[in-house]
Amino acid sequence: MTQSIVVQVGQCGNQIGCQFWDLALREHAAVNKNGVYDEPISSFFRNVDSRYNDPVDIPVGTGKGKIKSLKARAILVDMEEGVVSEMMKGPLREVFDFKQLITDVSGSGNNWAVGHKMYGVQYHDQLSEVVRRSAEFCDCLQCFFILHSMGGGTGSGLGTYVLNLLEEEYPDVYRFVTAVYPSAEDDVITSPYNSVLAMRELTERADCILPVENQALVDIVNKISEAIPSLKTGKRTYNTVSGDIKANTAITGSDGGLVKPKDEKPFDSMNNIVANLLLNMTSSARFEGSLNVDLNEITMNLVPFPRLHYLVSSQSPLYATADVNLLPRQLDQMFSDAFSKDHQLMKTDPKHSLYLACALMVRGDVEISDVRRNIERLKGSLRFIHWNQEGWKTGLCSVPPVGQPHSLLTLANNTCVQYSFIDLRDRFLKLYKRKAHIHHYTHITGMEAEDFSMSLESLNSIIQEYADLEKQMNNPSPPEPRLQVLT
Amino acid sequence: MSIITLQLGQCGNQIGGELFTTFIKDAHAKPSNVQVSANRNEQYTEEVISKFFTTESQSDKFDVPQARAVLVDMEPKVIAQICTEAKRTGKWMYPEKQQFSQKRGSGNNWAHGFCVHGPRVKEKVMNMIQQEAEKCDNLGGFLSLTSLAGGTGSGVGAYVTQCLRDEFPNSFILNQVVWPYHTGEVIVQNYNAILTLSHLYQSADAVLVMENDHLHRICTQLLNIKKIGFKDINNVICHKLASFLLPAVTQKYTDHRRSNAFGEVLEHLVSHPDYKLLTIKNIPQMSDTSKQFCTYQWHGLLKHLRQMLIADASMEEGIDWQVHLGDGSGIKHNQSLANALFLRGKDLDGIDVSSFSDPKLYPSWILPNTGVAVYKQPRIFNDYEKSAALVTNSRSPIGSLNHMIGKAWNMFSSRAYVYQYEKHGLTEEDFLDSFVTLEQVVANYNTL
């Protein structure tokens, strides 16, 4: 079993991370009733004997030892103290080791250059040391999950610096980035600059990126609250137009986790969606199933060309219904929903663009025939590139998520992401044409005006690559003729 | 005579687990159900157990037969699962220490399996195989179970088969490969498949092809299973393999009755090194509930089986009866190179199998009456009163193979995913070599 380390950078990254660890504990608690420290839980947590000042790490061994005290395999980085100190005072404080934190006082002022060029260089050695320490505790480290936002200063700047560092020091370990892109009405004025500067690093250095847009998360939360009333009335099921809905099963909820309902903060429901995304993606690597999908298989199958590694993700169902008789139709509904725009974590329209590849990660009691039936059904409405007409990757994991009988996560490599990038580029150009706010960036040592133009060029080239592939939607290039054999 | 099974990758291991359970179930079937004399039954049971299991216990604790198998996978979950399931049946188990697993999988990357994992695991795996071989009094050959779509089964499988050929140059090696669904289980399945098949063609004696699409159809149409999982598909595969591998007796060549030695069957089927692809057709196949209500005559079963062969149908429903032999006009029939017929059940005396020896079924350079080898076993198999299996070396898999080469070539033209293979040491030349080998195979079969 391999281990993964989560690196959370900046306020957004840390808040998502906090929800992620809460839900991860909840998931493992639901599966692991006897409290043994086994292989699945070791992929994200360490078992330590905390009686010592420097807690002693207990390895998995036979997989039958009891859990003494769990510590998350996480690295928390933030240049202002507020968020991380909240976490260390909150109910999850026992899960984090103070040696895994890197904090500073003054923050990055929403400035990518401060995060990347100034703090990056300043904290390089410390970062390297903390990562090395975490990596040493891993038997077989497979993957880093990096959580950060693109619009701010620390998340985007220092986050991408950490990405660089990981690529240099651990080139064989996969780097999955969950990046939260700013929405058009973002309150940070320089967010386009920060996003584009960060994107260059992501395109070059990450193995796989799961972009998330705040607007999409808000819409999903609204959709769920229309269906389930937010007041906890203690009911087991809610009777609505679409049937009975089981309480506490929404993917935005963290019931059963450590955070009490009254302590929930405003972005928590949105962050829970992203946390669920990470759990669902790694479920097949942690738990058993009839068709396992490891993390390296995700990059292998979904990234046909090295730079085109932006995946649109979508999850369903959003909540579980209580009516068991509807099960077969529910299953098909789950597949249809996952391909509707409402369930995506990005506001794009993949159905009118070209799919390069698509992965279906199914959890729960779903069999291969159900998956095949739905692929046949949905294939017609989706356009796949001509050399990958059957570009489906399937994964079946037998352990369902908490509170739901089954769930589906789709990861699609689709050319529609270029439209989001075009939007981002336009917002960038509006400011850049006037050179507004540039002096804040260039005034930092190490930052040059060329960084802006090179980042813009990188963004342009990515958009162009996607657009070229999309052009093949209507006039595919003819394939080379097959080899002829002399008979 | 014993057969050692190598289970590689998730698919191979899952099939293997089911296969040994099938063998044990058949060996321990109640004598009243199998309709042979007690003496014969005992002989048969002993033969099955010695062919696939070891009975000398390594320690005092275990007195159930231990499978003659070596399990290899690049991640530990699947092997752990099937070993536990085996122990749970209480009737057999996997021998201790004959499992090899690593932590990180092959990521569906053939190059990763073949170039990176293969050499790394060679020593340990070959040691395990050597140990297993030493336990055999009389080694018949190796059966390797893998899939084509993934990274471990295909990549590591191809590498291990090569090593096996180097280490045991005179043994028989049969690779059973599972062909993935056409609609896709893994996106790079076509690349993995052509790379594997081209390498296996060099090292294995024969490649037995099982297509998931066909097996799925058998499950829906014949077995009436509503929600089909991989367990059901694996059951069909095990039924096919068992119908071929379980003991049966032939009177070919001499009047002496001899059991179906693994090597002998393979020698008959693969008489020319250019033609190594085998498929199995079974009749009848039905759900367990229907078995007791159906009676068949051998004449009818053999007629259907023959038409299944000629019209290249994978099951007994939807056979195209319009196809005839040697019409000249009309649809071209499925030409065979060699066939092996396994008949299990009652009333075996006096069955007429001459229809399978029809010279029009075979190319002109095959000697008359040597095209088909017939093996009989009066003991009832899997509760079917009469059942027949035809292992054939014919054009059956060529349609799918051609289709798959086409798709892989299409993807290769745009060089998609190729960088992932190059990362681990494969070059475009290697790809082209594989394409050439397989185009040659297709051309060979088409000119039969």
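Within every chain, numbering begins at 1; the chains are lettered A, B, ... in the order of the sequence lines, protein sequences first and strands thereafter. Values below: all heavy atoms of this structure, side chains included; hydrogens, waters and symmetry mates excluded.
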A:Glu136 atom CD, over 12 foreign heavy atoms within 6.0 Å: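 Check passes, neighbour count above 12.
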
Highest number of heavy-atom pairs under 4.5 Å with chain A: which of [options]?
options: B:Glu185, B:Gln102, B:His216; value: B:Glu185
options: B:Gly406, B:Ala408, B:Gly151; value: B:Gly406
options: B:Phe435, B:Tyr421, B:Tyr181; value: B:Tyr181
options: B:Asp232, B:Asn446, B:Thr183, B:Val188; value: B:Thr183
options: B:Phe230, B:Phe412, B:Tyr419; value: B:Tyr419

Less than 4.5 Å apart, side chain to side chain, heavy atoms only: is that true for [X] and [Y]?
X: B:Asn410; Y: A:Gln389; answer: no
X: A:Glu367; Y: B:Ile228; answer: no
X: B:Gln420; Y: A:Asn296; answer: no

Measure [X] against the heavy atoms of chain B and call it side chain, backbone, both or neither at under 4.5 Å.
X: A:Asn301; answer: both
X: A:Leu469; answer: neither
X: A:Leu295; answer: neither
X: A:Glu376; answer: side chain
X: A:Val303; answer: both

Rounded to the nearest 0.5 Å, what separation is found between the [atom1] atom of [X] and the [atom2] atom of [Y]?
X: A:Glu297; Y: B:His112; atom1: CD; atom2: NE2; value: 11.5 Å
X: A:Lys393; Y: B:Asn108; atom1: NZ; atom2: CG; value: 3.5 Å
X: A:Thr299; Y: B:Asn109; atom1: OG1; atom2: CG; value: 9.0 Å
X: A:Leu291; Y: B:Cys11; atom1: CG; atom2: SG; value: 9.5 Å
X: A:Ser290; Y: B:Lys231; atom1: OG; atom2: NZ; value: 10.0 Å
X: A:Met300; Y: B:Asn192; atom1: CE; atom2: CG; value: 6.0 Å

Specify which of [options] makes the most heavy-atom pairs with chain B at under 4.5 Å.
options: A:Asn292, A:Thr2, A:Asp370; value: A:Asn292
options: A:Ile368, A:Thr394, A:Ile375, A:Leu302; value: A:Ile368
options: A:Glu288, A:Arg482, A:Glu390; value: A:Arg482
options: A:His386, A:Glu39, A:Arg372, A:Lys379; value: A:Arg372
options: A:Ala359, A:Ala285, A:Gly395; value: A:Ala285

Where on [X] is there a heavy atom nearer than 4.5 Å to chain A: the side chain, the backbone, both, or neither?
X: B:Val436; result: both
X: B:Ser101; result: neither
X: B:Asn402; result: both

Any donor-acceptor pair under 3.5 Å from B:Trp409 side chain to A:Pro481 backbone: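 It does hold such a pair.
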
Backbone of A:Gly289 reached by a side-chain donor or acceptor of B:Gln10 within 3.5 Å: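 Between the backbone of A:Gly289 and the side chain of B:Gln10 there is a qualifying donor-acceptor contact (under 3.5 Å).
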
Heavy-atom pair with the smallest gap, counting every atom of A:Ala357 and B:Tyr417: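 Shortest heavy-atom contact: CB-OH, 3.6 Å.
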
Verdict with reasoning, B:Lys227 to A:Leu331, per side chain to side chain contact (heavy atoms under 4.5 Å, CB included): CA-CA 12 Å; B:Lys227 204 162 145 135; A:Leu331 219 59; 4.2 Å; yes

Electrostatic pair A:Asp294-B:Lys77, nearest N-O below 4.0 angstrom: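 Looking at B:Lys77 together with A:Asp294, the answer is no, because their closest N to O distance does not fall below 4.0 Å.
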
